[in-house]
S.K.: 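Provided herewith is a single structure, encoded as structure tokens, for subsequent inquiry.
Protein chains get the first letters and strands the later ones, always in sequence-line order, with residue 1 at the start of each. This one's a predicted model, so the numbers in the text were calculated from it and none came from an experiment.
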Protein chains: 2
Amino acid sequence: MGATLADIARELGLSKMTVSRAINNDPLVKAKTRDRVLEVSRRLNYQPNHFARALATNRSYLIGVIVPDLMHSYFAEILHGIGAVARSAKYQIVIGNSEEYVARELSEVEALRSRTDGLIIAPCAPASKAGLYADMIEDGTKIVLIDRTLDGLDCPMVLTDDVEVGMLATEHLIRLGHRRIGHLRGTITSTSKKRLEGYRKALSANDINYNEALVRECGLMETDGYRAMQAWIEGGDLPTAIFAVNDPAAIGAMQALHEADIVVGKDIAMVGGGNIHYGDMLRVPLTTVSWSRGEMGQAAVRLLIQLIEGNGHDITHQKMILSPSLVVRSSCGAMTSSIVVASQLSPQKN
Amino acid sequence: MGATLADIARELGLSKMTVSRAINNDPLVKAKTRDRVLEVSRRLNYQPNHFARALATNRSYLIGVIVPDLMHSYFAEILHGIGAVARSAKYQIVIGNSEEYVARELSEVEALRSRTDGLIIAPCAPASKAGLYADMIEDGTKIVLIDRTLDGLDCPMVLTDDVEVGMLATEHLIRLGHRRIGHLRGTITSTSKKRLEGYRKALSANDINYNEALVRECGLMETDGYRAMQAWIEGGDLPTAIFAVNDPAAIGAMQALHEADIVVGKDIAMVGGGNIHYGDMLRVPLTTVSWSRGEMGQAAVRLLIQLIEGNGHDITHQKMILSPSLVVRSSCGAMTSSIVVASQLSPQKN
DNA sequence: AAATATAGTTTTAACGGTAACATTCACAGG
DNA sequence: CCTGTGAATGTTACCGTTAAAACTATATTT
């Protein structure tokens, strides 16, 4: 289809190598030669063949990103941050979507690791799969985790302080006078566990007994929250306030409550986590815990590029932990304007 | 890093070619030989090198998708549909995000077309750029348009009947008794023009004069709707109902109205387009026009794969047009439950 | 003027596959 | 016993690029 280095070389009576150097701005070629090469390459509309280059250099300038849910604006925003930094570093993004299925995650990883220079993964796999990832890293695959950690896996990661997330949410409810506080907990992921941990910490710090009956299992997606809440309503014995593991779950739960004519913000308080897009425009604007998804994505790419382009320093143990902050809206009681406490990025060694 | 075909061949005393055939399930190799090859390849953890394969075959099994706004759930859903079909056909998705900037779109296209087997594009470029795309197609690049067309470009595309979108929205408002109906119109994109056309058609079919003062320019994003509505409120002379070019614009406008204490669904009616995620859970659930984004994505990939794998038939002129349907919620007046008229896919030649 | 450095270029050999054609071998049919 | 046939495998060359080593001139030193 397009012209190749050889075509340009032939036309100018040069070797392919010199042309290659000229195209890549190698200072070894004479300025005049470079100009001639560039002129011809423009005329022939030369486009470098990325496959050939990748084969020769073993670098594709592709970054694989594996997210559990593309439709969740939280990950769309992370992707947005990733895209911004990647573009400025001349990398392109290949997407994998696990839809919170472990098997899908693993097959996407397998498909992408050999086609890309490195992966950014928000894993839904349980800690028991950490070994698989460790083997890949051992084998040379570059991996940065984002949003969720994988216990036992030692690689760079960008996370939120999820214990703090649970504490901020729960303490807010306690400050509002609630004592019977429920939790819709996620399963498996590190974030879910830590948010539960924060919930328990906040309770015990305020001398409230942990009551297992008030903690219900629930996935991370809207339908999960909806179903879990429906079951809870049906079974009766509702708490006066609920901390849901994340915003989609909270929104699903709110929908179920709405359908049962239970008014969120009046009959029951709700806090989510993640500050989803449109969370402030919902029927009942959702009080939530927030941190910057854009910064997460950006930080992850920077770490991955360091890993790929290896500047010598070992960054295996580098973790970025973002501090979350509470965003108060009306789902825990009447309130008009939003209060957002600025979130900040805190780099942190090991 | 990993083992190569040559390694396996050496180990078994076979030629690379036979091993290649065995790995690719060529029926020419003896079953017993294939088994031996597979056994060794498993033992050595052989992973085919995609770059080498792509270089030799000129096929990468990558599909580039260029969208104008990743954070808009509309495109996230299209992407989801694309991903589903792509995965089952063993293709991976490379993402480009134009953010509604023409220059960004063109640079992403340029970056992706040589790395992929074909592109699915939701163009924000104006019709004047159609020639550029025509040249690329001439040059062998496979392109399928989605969501928006590019006048003058002849290639497969998957669209909605946007004139119908405008008519459905506007007629709904007319049926509710409105005569002073405003329109927040998009600029440039084919969808915007056609929705405006539908708006005008509906007006004239109902003997309402087209009033230029009631049509305001506005982009396609939430902030655009917000700003346009703010200006309108400030300038006064509001209509009794508004059809916004799409849901994000409608939502932005609703936010501006809310801040000005104008109650949507009571003081003013609002219809959007696209049926965004969470549109039914907003402060005022948004009446909108809907069609299946998943089907759009799926259809686009199928067309692109036909283009790539060329089954002989010329599908250049193939257009898929989805029929939209009205989704009534409360933004045009009190209403509790949603009525959705099922949308359907209508394939259509030329 | 010979020896030495140096800028600019070429040569050779990969990188890891696959396409196309060539070869071998066993066996059937005459 | 020879030949034809088809199944199974092998050979050669090429995909388009770059790394590394090997040349050339030309300039610089002594």
S.K.: Given atom CZ of B:Arg59 and atom C1' of C:dG17, what is their separation to the nearest angstrom?
M.R.: 15 Å
S.K.: Dump the intermediate steps for side chain to side chain donor-acceptor pair (under 3.5 Å) on A:Tyr74 and A:Asp69, then the final yes or no.
M.R.: CA-CA 9 Å; A:Tyr74 180 79; A:Asp69 185 4; over 6 Å; no
S.K.: Please give, in whole Å, the distance from C:dA19 C1' to B:Asn24 CG?
M.R.: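 To the nearest whole Å, that distance equals 12 Å.
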S.K.: Begin with the C-alpha distance, continue with both residues' side-chain angles, and end with the deciding distance and a verdict on salt bridge (charged side-chain N to carboxylate O under 4.0 Å, His left out) for B:Lys32 and B:Glu39.
M.R.: CA-CA 11 Å; B:Lys32 199 173 148 199; B:Glu39 192 269 314; over 6 Å; no
S.K.: Given D:dC15, C:dC15, C:dG17, identify the nucleotide with an atom nearest to the side chain of A:Ala56.
M.R.: C:dC15
S.K.: In whole Å, what is the span from the CZ atom of B:Arg115 to the P atom of D:dG16?
M.R.: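 My rounded result for the distance is 17 Å.
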S.K.: Once you build an axis from the first five pairs and another from the last five of the helix from C:dA1-D:dT30 to C:dG30-D:dC1, how far apart in angle are they, to 10 degrees?
M.R.: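 It comes to 50° between the two terminal axes.
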S.K.: Tell me the interatomic distance from B:Asp7, atom CG, to C:dC15, atom P, rounded to whole angstroms.
M.R.: 10 Å
S.K.: Give a yes/no answer on whether the side chain of B:Ser20 brings an N or O atom under 4.0 Å of OP1 or OP2 in C:dG17.
M.R.: no
S.K.: With distance as the sole criterion, is a donor-acceptor pair present between the side chains of B:Asp314 and B:Thr316 under 3.5 Å?
M.R.: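 Result is yes, a qualifying pair exists.
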S.K.: In this structure, is the centre-to-centre distance between the rings of B:Phe51 and A:Phe51 below 6.0 Å?
M.R.: no
S.K.: To the nearest angstrom, how far is A:Leu55 atom CG from D:dA19 atom P?
M.R.: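 Interatomic distance, CG of A:Leu55 to P of D:dA19: 12 Å.
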S.K.: May I have the distance from A:Asn49 (atom CG) to C:dG17 (atom C1'), rounded to whole angstrom?
M.R.: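 Those two atoms, CG and C1', are 14 Å apart.
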S.K.: Enter the distance from B:Ile305:CD1 to B:Arg302:CZ here, rounded to the nearest 0.5 Å.
M.R.: 9.0 Å
S.K.: Do A:Arg113 and A:Thr141 meet the criterion of a side-chain donor-acceptor pair at a distance under 3.5 Å?
M.R.: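 Side-chain D/A pair, A:Arg113 to A:Thr141: present.
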S.K.: Measure CZ/B:Arg53 against C1'/D:dC15 and give the value in whole Å, please.
M.R.: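 Rounded to the whole Å, the gap is 15 Å.
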S.K.: For nucleotides 6-12 of chain C, tabulate all protein N/O to nucleotide N/O atom pairs closer than 3.5 Å, reporting atom names and distance.
M.R.:
{"from": "C:dT9", "atom 1": "OP1", "to": "A:Thr33", "atom 2": "OG1", "distance (Å)": "2.7"}
{"from": "C:dT9", "atom 1": "OP2", "to": "A:Lys30", "atom 2": "N", "distance (Å)": "3.1"}
{"from": "C:dT9", "atom 1": "OP2", "to": "A:Thr33", "atom 2": "OG1", "distance (Å)": "3.4"}
{"from": "C:dT10", "atom 1": "OP2", "to": "A:Ser15", "atom 2": "N", "distance (Å)": "2.9"}
{"from": "C:dT10", "atom 1": "OP2", "to": "A:Ser15", "atom 2": "OG", "distance (Å)": "3.0"}
{"from": "C:dT10", "atom 1": "OP2", "to": "A:Thr18", "atom 2": "OG1", "distance (Å)": "2.8"}
{"from": "C:dT10", "atom 1": "O4", "to": "A:Arg21", "atom 2": "NH1", "distance (Å)": "3.2"}
{"from": "C:dT10", "atom 1": "O4", "to": "A:Arg21", "atom 2": "NH2", "distance (Å)": "3.2"}

S.K.: Would the distance check show the side chain of B:Thr116 and the main-chain N or O of B:Leu112 forming a donor-acceptor pair, the cut-off being under 3.5 Å?
M.R.: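 Present.
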S.K.: For a quick check under 3.5 Å, do A:Asp117 and A:Ser60 share a side-chain donor-acceptor pair by atom type?
M.R.: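 Yes, a side-chain donor-acceptor pair sits under 3.5 Å.
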S.K.: For the side chain of B:Glu77 and the backbone of B:Arg293, is there at least one donor-acceptor N/O pair under 3.5 Å apart?
M.R.: no
S.K.: Once you round it to whole Å, what is the distance between P of C:dG17 and CG of A:Asn58?
M.R.: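 About 12 Å, once rounded to whole Å.
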